[in-house]
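Contents: one structure, followed by commentary.
So that the names make sense, note that chain A is the first sequence line, chain B the second, and so on, each numbered from 1.
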2 protein chains.
Amino acid sequence: MFSKACEYGIRAAVYIAMQSLDGRRVSVNEIAEEIDSPMAFTAKILQQLTKNNIIDSVKGPTGGFEIEREAMDTVKLSKIVKAIDGDKIYVGCGLGLKECNADKPCPLHDKFVDVRSNLRTMLQSTSLYELATGLEVGLTYLKR
Amino acid sequence: MFSKACEYGIRAAVYIAMQSLDGRRVSVNEIAEEIDSPMAFTAKILQQLTKNNIIDSVKGPTGGFEIEREAMDTVKLSKIVKAIDGDKIYVGCGLGLKECNADKPCPLHDKFVDVRSNLRTMLQSTSLYELATGLEVGLTYLKR
DNA sequence: TTTAATTCGGATAAATTTATCCTTTATTAA
DNA sequence: TTAATAAAGGATAAATTTATCCGAATTAAA
């Protein structure tokens with residue numbers, strides 16, 4: 001469904017958000033450890049998220065990654081997915097046709113529209129804050 | 001969503017089914033041309049579908065691929081997807097966690113269950129026959 | 001019986017994704 | 001001012017997916 005990069009990206013963002021709720025700034029090292037992801041690769045993905053203004057980064061000692069409380073509400077999963085995987089999950093034909101649309105649909109078109117709008121709605125309505133609080137109160141988990 | 005291989009596989013299967021409805025057996029060459037896919041790669045995928053008893057193959061002159069009328073009803077998309085991409089689209093965590101389940105869910109677990117069961121239902125209830133007839137009467141398209 | 005058409009199967013190449021390593025830059029604190 | 005810490009960025013490697021090529025096996029028709 002999502003690429004590995006995107007999976008790590010979402011997990012990292014949720015972890016950062018949870019820690020930011022406690023006022024803690026976290027390093028790549030800690031993040032990779034806590035979400036059980038390859039550290040150097042995770043660093044790359046965090047760079048992408050930073051460039052896309054999804055998370056904030058601070059260099060130097062005591063530096064690390066954080067997310068503003070307000071951004072946790074604004075940033076929906078859709079924004080993270082788009083920053084990493086692009087919009088191929090929303091746009092484009094389920095069977096890979098370039099010119100598939102309601103006028104000239106592929107055999108799966110109508111059924112796919114349903115499934116995907118379902119997914120899109122989910123991603124567009126789920127905020128980082130929502131995911132982070134579930135984590136914080138111990139309802140959900142990020143490792144393994 | 002699906003791998004390229006799976007996209008080609010579904011398109012090929014639908015095309016073969018449509019031609020089989022007309023009593024025509026088709027070659028890899030024709031298939032690749034008609035569904036606009038790389039021929040040698042498509043041949044590999046057709047081998048997989050044959051091994052999984054999704055389509056039938058006949059060697060030699062006048063040989064090619066075909067699907068029995070009955071199989072068109074029996075074979076749902078889920079079977080094709082499983083033969084090519086495995087069941088990772090059904091099973092497993094949206095965020096890539098190994099031990100994610102209702103007891104120890106990832107932050108996205110519940111929302112993902114919905115989206116995916118939607119997808120699973122669609123794949124399990126859509127038959128090759130259904131897709132092939134849409135093609136045959138000119139309601140849907142496979143190329144481009 | 002030979003020829004030609006077709007799938008099958010193995011080897012390999014190209015492209016993309018995943019992952020690592022190392023140097024540079026920024027910044028804090030001693 | 002220096003040393004240490006952390007992210008940024010570039011180069012490269014490993015793994016996987018996508019794709020091609022070619023000889024072998026099968027079979028129908030000439």
side-chain N/O B:Tyr8 vs D:dA19 OP1/OP2, d < 4.0 Å: yes
Atom pair distance, as rounded to whole Å: CZ in B:Phe2 and P in D:dT18: 13 Å
Given DNA chain D, 5'-ward residue of the pair A:Val28 and B:Pro38, judged by closest heavy atom: A:Val28
Per B:Lys59 side chain, nearest of listed nucleotides C:dC21, C:dA26, C:dT6: C:dT6
Side-chain donor/acceptor contact of A:Lys44 with base of D:dG10 under 3.5 Å: yes
Between C1' of C:dC8 and CG of B:Leu46, the distance in whole Å: 12 Å
Integer-rounded Å distance: D:dA7 C1' and A:Glu30 CD: 15 Å
Rounded distance (nearest 0.5 Å) linking atom CG of A:Leu49 with atom CD1 of A:Ile55: 4.5 Å
N or O in side chain of A:Gln47 less than 4.0 angstrom from D:dG9 OP1/OP2: yes
Separation of C:dT27 P from A:Asp56 CG (nearest whole Å): 14 Å
Donor-acceptor side-chain pairing of A:Tyr15 and A:Glu30 below 3.5 angstrom: yes
Distance, nearest 0.5 Å, that separates SG of B:Cys93 from NZ of B:Lys104: 13.0 Å
Flag side-chain contact, heavy atom, 4.5 Å: B:Leu46 against B:Val28: yes
Nearest-nucleotide pick for B:Phe41, side chain only, options being C:dA4, C:dT18, D:dA19: D:dA19
Short side-chain N/O contact from B:Ser57 to OP1 or OP2 of C:dC8, under 4.0 Å: yes
Whole-Å distance separating the CG atom of B:Asn29 from the P atom of D:dT20: 13 Å
Which nucleotide in D:dT5, C:dT25, C:dT18 has an atom nearest any side-chain atom of A:Ser3: C:dT18
Crowding at CD, B:Glu68 (>12 non-hydrogen neighbours, <6.0 Å): no
Minimum-distance nucleotide (side-chain atoms of B:Lys4 versus D:dT18, C:dT7, C:dT27): D:dT18
Contact nearer the 5' end of DNA chain C, comparing A:Gly60 with A:Thr42: A:Thr42
Pairwise 5' ranking along DNA chain D for B:Lys88 and B:Gly63, keeping only the more 5' one: B:Lys88
Residue met sooner reading DNA chain C from 5', once A:Met39 and B:Thr62 are mapped to nucleotides: B:Thr62
Selected nucleotide, minimal atom distance to A:Ser27 side chain, candidates D:dT26, D:dA7, D:dT20: D:dA7
Separation of atom CD1 in B:Ile84 from atom P in D:dA19, rounded to whole Å: 13 Å
Side chain of A:Ala40 (C-beta onward), nearest among D:dG9, C:dC21, D:dA8: C:dC21
d(CG, B:Leu49; P, C:dT7) in whole Å: 14 Å
For atom CZ of A:Arg24 and atom P of D:dA6, their distance in whole Å: 12 Å
Side-chain touch A:Ile84/A:Tyr8, heavy atoms, less than 4.5 angstrom: no
